[in-house]
Colleague: 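Next up is a structure, given as structure tokens.
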Amino acid sequence: MQGESGATAKVRALWSGSTLYVLAQVTDPALSEESADPWAQDSVELFVDPGNGKTKGYEDDDGQYRVSFSGRVTVGGTFDASGVKDNVRAAAVTVPGGYVVEAAIELPTVTLGEGTLLGFDVQVNDATGAARTSAVTWNDATGRGYLDTSHWGVLRLAG
């Protein structure tokens with residue numbers, strides 16, 4: 001994990017059908033997309049492992065979905081995210097003191113229902129100018145969530 005301070009977020013998730021919905025309310029008074037690297041811009045990253053495999057790499061349906069404060073979406077995962085790139089819709093809006101991200105992630109490889117366990121993590125990237133100055137995660141303190149799912153948290157779906 002890089003940094004222990006900087007931008008933070010309150011995040012909520014819910015599901016309907018085969019879609020996981022995520023709302024992130026980010027506190028960050030100074031927003032930047034100056035870096036050419038999307039991970040070094042002010043953004044929220046959502047990590048989803050539909051099978052909750054906790055693997056030392058990404059399986060075909062594991063996704064890393066990044067949404068910048070301006071709503072730019074980039075996706076990571078296995079094989080350059082070919083298996084998950086079309087599964088996300090997202091938007092963002094700036095608000096006083098930060099921004100809000102809404103995302104809808106289709107999970108076609110698992111049946112969602114009460115009690116379903118998903119591997120899940122959230123990372124908030126904080127940029128100053130063209131540099132990422134901190135990254136705060138919900139569960140994975142290794143800072144390596146972009147490489148494998150083994151330290152992500154677990155999201156349990158409730159009815």
Side-chain angles (χ1 to χ4, degrees), residues 1-15 19-50 52-59 61-107 118-155:
M1 184 159 114
Q2 295 182 350
E4 295 181 6
S5 62
T8 59
K10 290 185 179 181
V11 178
R12 294 173 180 84
L14 59 91
W15 61 279
T19 305
L20 177 68
Y21 297 93
V22 180
L23 173 70
Q25 298 170 300
V26 181
T27 301
D28 186 353
L31 303 175
S32 176
E33 286 182 326
E34 288 182 37
S35 177
D37 298 321
W39 57 87
Q41 301 172 0
D42 284 304
S43 59
V44 172
E45 296 187 40
L46 307 169
F47 299 90
V48 183
D49 174 2
N52 192 31
K54 303 289 185 256
T55 56
K56 295 290 183 187
Y58 276 55
E59 295 177 326
D61 61 349
D62 300 337
Q64 173 189 13
Y65 308 93
R66 184 182 303 106
V67 184
S68 74
F69 73 88
S70 70
R72 181 173 165 229
V73 176
T74 53
V75 178
T78 305
F79 308 118
D80 295 325
S82 62
V84 297
K85 68 181 173 112
D86 296 325
N87 293 355
V88 63
R89 296 179 322 275
V93 63
T94 57
V95 296
Y99 60 103
V100 176
V101 168
E102 293 180 351
I105 303 168
E106 291 292 326
L107 302 175
L118 303 173
F120 184 78
D121 215 340
V122 177
Q123 177 171 302
V124 180
N125 298 312
D126 193 5
T128 302
R132 180 169 70 179
T133 52
S134 74
V136 177
T137 58
W138 170 61
N139 197 75
D140 185 353
T142 69
R144 300 175 53 84
Y146 66 98
L147 294 173
D148 70 64
T149 69
S150 63
H151 296 282
W152 296 358
V154 177
L155 186 63

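We number each residue from 1, following the sequence as shown.
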Colleague: To the closest 0.5 Å, what do you measure between CG (D49) and CG (L118)?
Modeller: 8.0 Å

Colleague: Evaluate D62 against V84 for side chain to side chain contact (heavy atoms under 4.5 Å, CB included), listing each step before the verdict.
Modeller: CA-CA 7 Å; D62 300 337; V84 297; over 6 Å; no

Colleague: Just by distance, do the side chain of T137 and the backbone of D140 share a donor-acceptor pair under 3.5 Å?
Modeller: yes

Colleague: Say you draw a straight line from CG of L46 to OH of Y65; how long is it, rounded to the nearest 0.5 Å?
Modeller: 9.5 Å

Colleague: At their closest point, which heavy atom of V136 faces which heavy atom of A7, and how far apart are they?
Modeller: CG2-O, 3.9 Å

Colleague: Minimum heavy-atom separation for A40 to A127, with atom names?
Modeller: O-CB, 3.3 Å

Colleague: Would you please name every residue forming a side-chain hydrogen bond (donor to acceptor under 3.5 Å, both in side chains) with N125, sequence neighbours left out?
Modeller: S43, E45, Q123, R132

Colleague: Is W138 close to F47 at the side-chain level, that is, under 4.5 Å between some pair of heavy atoms?
Modeller: no

Colleague: Given side chains that start at C-beta, do those of V124 and T8 come closer than 4.5 Å, heavy atoms only?
Modeller: no

Colleague: If you compare all heavy atoms of A24 against all heavy atoms of V11, which two are closest, and at what distance to 0.1 Å?
Modeller: CB-CG2, 4.0 Å

Colleague: Rounded to the nearest 0.5 Å, how far does CD of Q64 lie from OG1 of T74?
Modeller: 7.5 Å

Colleague: Which atom names give the shortest non-hydrogen contact between G129 and E34, and what distance separates them?
Modeller: O-CB, 3.4 Å

Colleague: Rounded to the nearest 0.5 Å, how far does CG of L20 lie from CG of L155?
Modeller: 6.0 Å

Colleague: With heavy-atom distances below 4.5 Å as the criterion, would you say the side chains of Y58 and L147 are in contact?
Modeller: no

Colleague: Quick check for you: to the nearest 0.5 Å, what is the distance between T149 atom OG1 and N52 atom CG?
Modeller: 8.0 Å

Colleague: Pair T94, F69 - check side chain to side chain contact (heavy atoms under 4.5 Å, CB included), show working.
Modeller: CA-CA 7 Å; T94 57; F69 73 88; 3.7 Å; yes

Colleague: When you measure from the side chain of N139 to the backbone N and O of H151, does any donor-acceptor pair fall under 3.5 Å?
Modeller: yes

Colleague: Applying side-chain hydrogen bond (donor to acceptor under 3.5 Å, both in side chains), name anything that partners S150, two or more places apart in sequence or on another chain.
Modeller: D148

Colleague: As an exercise, state the distance from CZ of R89 to OH of Y21, rounded to the nearest 0.5 Å.
Modeller: 6.0 Å

Colleague: Could you walk me through whether Q41 and S32 pass the side chain to side chain donor-acceptor pair (under 3.5 Å) test, one step at a time?
Modeller: CA-CA 6 Å; Q41 301 172 0; S32 176; over 6 Å; no

Colleague: If you apply the rule side chain to side chain contact (heavy atoms under 4.5 Å, CB included), what do you find for D28 with D126, and how did you get there?
Modeller: CA-CA 8 Å; D28 186 353; D126 193 5; 3.0 Å; yes

Colleague: Apply side chain to side chain contact (heavy atoms under 4.5 Å, CB included) to N87 and L107, showing your working.
Modeller: CA-CA 7 Å; N87 293 355; L107 302 175; 6.0 Å; no

Colleague: Using modelled atom types and a 3.5 Å cut-off, is there a donor and acceptor pairing between side-chain atoms of T19 and backbone atoms of E106?
Modeller: no

Colleague: Okay, side chain of K10, backbone of L23: is any donor-acceptor separation there less than 3.5 Å?
Modeller: no

Colleague: Can the ring centres of W152 and Y146 be said to be less than 6.0 Å apart?
Modeller: no

Colleague: Tell me the closest heavy-atom pair linking V101 and A92, and the distance in Å.
Modeller: CG2-CB, 4.0 Å

Colleague: Can you give me the closest heavy-atom contact between V67 and A90, atom names plus distance?
Modeller: CG2-CB, 3.6 Å

